[in-house]
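Heads up: the structure comes next, in structure tokens.
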Amino acid sequence: EDFPYISFEENKSRYRELENWYDGSKLDETVTDKSGKRTELYPVKINPLKSTVLKHAAVLFGEVVDDGRALVVPKLIPRDGDEQDKTYAAEATEALNMLWYENHGRELQLRNGIQSQIYGGCAFKLTYVPEETWRNIPIRIEIVPAKGFVGIPDASDMYRLARGWAIQTIDPAVAVEFGFYGDDDEMIYLIEKWDRGTYKVNINQELASKAIPGSPDRRDLAGVNKWGFVPMTYIPHIRTKDFYGESVITQLRGLVKEMNLRAADFGDAVSDDAHVQLAARNISGTPKVVEIAKGINVLLLPGSMSVTGKESQPDIFPIKEGVASEAMGKLWDRLLDQYRRDAYIPAVADGEDEGSQRSAMTLAFRMWPLGSHANQERISWTSGLNWFNTMALKMMANQSVAKRMKKFGITIKDEHLRMRMKQDWAPMFPRDREGIINELAIRAAHNIGSIDHLLEIAGDIED
């Protein structure tokens, strides 16, 4: 009911196209000549889109500390000088870190970071799972596949949803856990619909249910939404006009086509030069190949018939030469340069320092296009994760969840929810560690900055 089919189908078609570009299948196009022979249009199959996607995702999360926490660490901001607030902030931060840890938060964020580059955005979802008794916090963080997410924002707030759908295909064995017994050949869809007041989970057309731990009964997955909000949020890659973000691939497709066409032309020209046809003149017989020493062959050209004694000397020459011109090579280089500009990937990001030794500061400034683009992505991610983690805390404050969390030693209350949220991001690029420590030492010696702040700048100290 009231499912936005048009938006869903439009997104699905767009996402399928972007997937085909990412995996390179769009470069499998062929052309057929008059004889019916099929020839690959892009035989070289240069696909820089994959490395572009992975580089963007890597810079988005930066040089993270390998300590098991999520790539982006949530933190709450206590009021200045309020010691009780500091305690609440530490407790809520610990609860959120435990939640991400129990749900493999590092991998989830990385996977959604990569999907965001391809599809133009990504979605996270919170699910209450009391049946999963091994958890300290009975909440599961899930990725909603971009192709299966549809959201309608709450008025002008693009991160709070008024309604949201999560659709995915599932295995028949998994469907049985939801009380669905269908044919093995049947395509099985798990469909969740949420609004601020109700929720409903279907398996195809049937209402889904879950077993109640320690009871023969099952609970239907439908009814009142006790959270009061849609437990999903959509984080765009770069949002400009619409709710859904723009893929990094969109503006690069034409260049990838042109790069492949010109690379193929240049390759054909080089091949023609390497396999040139020869012709002979001023000879009266057939040339012979003679081995004058082991591995050394010479071509003997028979002389011309002497009539006047002034005939031209025997000669052998290429019929066609110099097909691969310097201009052809330069055109491909220019296309690569333009691709790097449009992809925000300077040459130094590919390990090229452009032919001379540069200082670390110079190379860092040359990375500015990629860093500035990642900063724009971080703005969207920060807003999305702020609200997502706030929803998680609101769910933890619910009585049924809090009861399970007692053994964890933290009870989330209104005091934990009144503070502002922030996200702790890692530096985008490697930093001069020695320079940072020297700066901290000098600033500490001259009382320029609090000890708390200086230790936070170090980036690897929690408290």
Side-chain angles (χ1 to χ4, degrees), residues 7-32 38-61 71 104 106-124 142-150 166-171 187-190 234-239 242 244-267 332 335-336 338-345 349-351 370 373-374 377 381:
S7 177
F8 177 68
E9 290 298 331
E10 286 177 350
N11 283 346
K12 195 162 68 169
S13 175
R14 181 165 59 93
Y15 294 151
R16 190 180 300 115
E17 174 88 358
L18 292 168
E19 279 181 346
N20 291 339
W21 276 105
Y22 175 72
D23 64 23
S25 57
K26 284 297 271 186
L27 300 175
D28 292 336
E29 188 177 343
T30 60
V31 291
T32 306
R38 298 172 68 88
T39 306
E40 289 186 317
L41 184 59
Y42 309 108
V44 186
K45 291 183 171 49
I46 298 171
N47 185 16
L49 295 170
K50 276 196 173 184
S51 64
T52 297
V53 164
L54 296 178
K55 283 189 180 80
H56 278 231
V59 175
L60 169 65
F61 296 114
L71 300 177
H104 314 291
R106 292 171 76 85
E107 193 274 338
L108 289 181
Q109 290 183 0
L110 177 60
R111 188 157 25 120
N112 252 358
I114 293 172
Q115 288 197 30
S116 174
Q117 312 298 327
I118 300 170
Y119 300 111
C122 60
F124 288 102
E142 301 177 33
I143 287 177
V144 182
K147 290 189 293 185
F149 171 80
V150 183
I167 303 138
Q168 58 181 309
T169 57
I170 60 173
D171 187 86
M187 185 70 77
I188 303 175
Y189 291 94
L190 176 67
Y234 176 81
I235 301 175
H237 169 241
I238 295 291
R239 178 184 277 138
D242 304 319
Y244 299 102
E246 295 183 359
S247 167
V248 70
I249 293 173
T250 303
Q251 66 184 20
L252 300 173
R253 294 175 293 187
L255 274 168
V256 172
K257 276 187 175 182
E258 190 67 15
M259 289 169 68
N260 273 276
L261 289 171
R262 301 293 76 81
D265 288 346
F266 192 51
W332 199 91
L335 288 171
L336 176 59
Q338 188 60 44
Y339 178 91
R340 284 172 167 164
R341 293 186 195 103
D342 289 350
Y344 310 103
I345 296 179
D350 290 325
L370 185 53
H373 177 79
E377 292 187 51
W381 272 77

Between Phe61 and Trp381, how do the two ring planes meet: parallel, tilted or perpendicular, split at 30° and 60°? perpendicular
Nearest heavy-atom neighbours spanning Ile46 and Leu27: O-CD1, 3.4 Å
Looking only at heavy atoms, the pair that brings Met259 and Trp332 closest together is O-NE1, 3.0 Å
Students often mix this up, so state it plainly: with edges at 30° and 60°, are the rings of Phe149 and Tyr234 parallel, tilted or perpendicular? parallel
Taken to the nearest 0.5 Å, the spacing of Glu29 CD from Thr39 OG1 works out to 12.5 Å
For the atom pair CZ (Arg111) and OG (Ser116), what is the distance rounded to the nearest 0.5 Å? 14.0 Å
State the CD-CZ distance between Glu246 and Arg239, to the nearest 0.5 angstrom. 11.0 Å
Go through the steps for Ile235 and Asn112 under the test side-chain contact (heavy atoms from CB on, under 4.5 Å), then give the verdict. CA-CA 9 Å; Ile235 301 175; Asn112 252 358; over 6 Å; no
Asp350 with Lys55: basic N within carboxylate O range, under 4.0 Å: yes
If we ignore hydrogens and angles and just use 3.5 Å, is the side chain of His237 paired with the main-chain N or O of Gln115 as donor and acceptor? no
In terms of heavy-atom contacts, Ile249 and Leu49 come closest through CG2-CD1, 4.0 Å
Glu9 with Lys12: basic N within carboxylate O range, under 4.0 Å: yes
Please determine whether the number of non-hydrogen atoms from other residues, nucleotides or ligands lying under 6.0 Å from atom OH of Tyr189 exceeds 12. no
When you compare the side chain of Thr169 with that of Ile188, does any pair of heavy atoms fall below 4.5 Å? no
Answer with yes or no whether the side chains of Gln117 and Glu377 bring together a donor and an acceptor at under 3.5 Å. yes
Any donor-acceptor pair under 3.5 Å linking the side-chain atoms of Ser247 with those of Tyr22? no
Step by step, work out the salt bridge (charged side-chain N to carboxylate O under 4.0 Å, His left out) result for Arg14 and Glu10. CA-CA 6 Å; Arg14 181 165 59 93; Glu10 286 177 350; over 6 Å; no
From Ile118 CD1 over to Thr250 OG1, what is the distance, rounded to the nearest 0.5 angstrom? 11.5 Å
I need the minimum non-hydrogen distance between Lys50 and Asp23, along with the two atoms involved. CE-CA, 4.0 Å
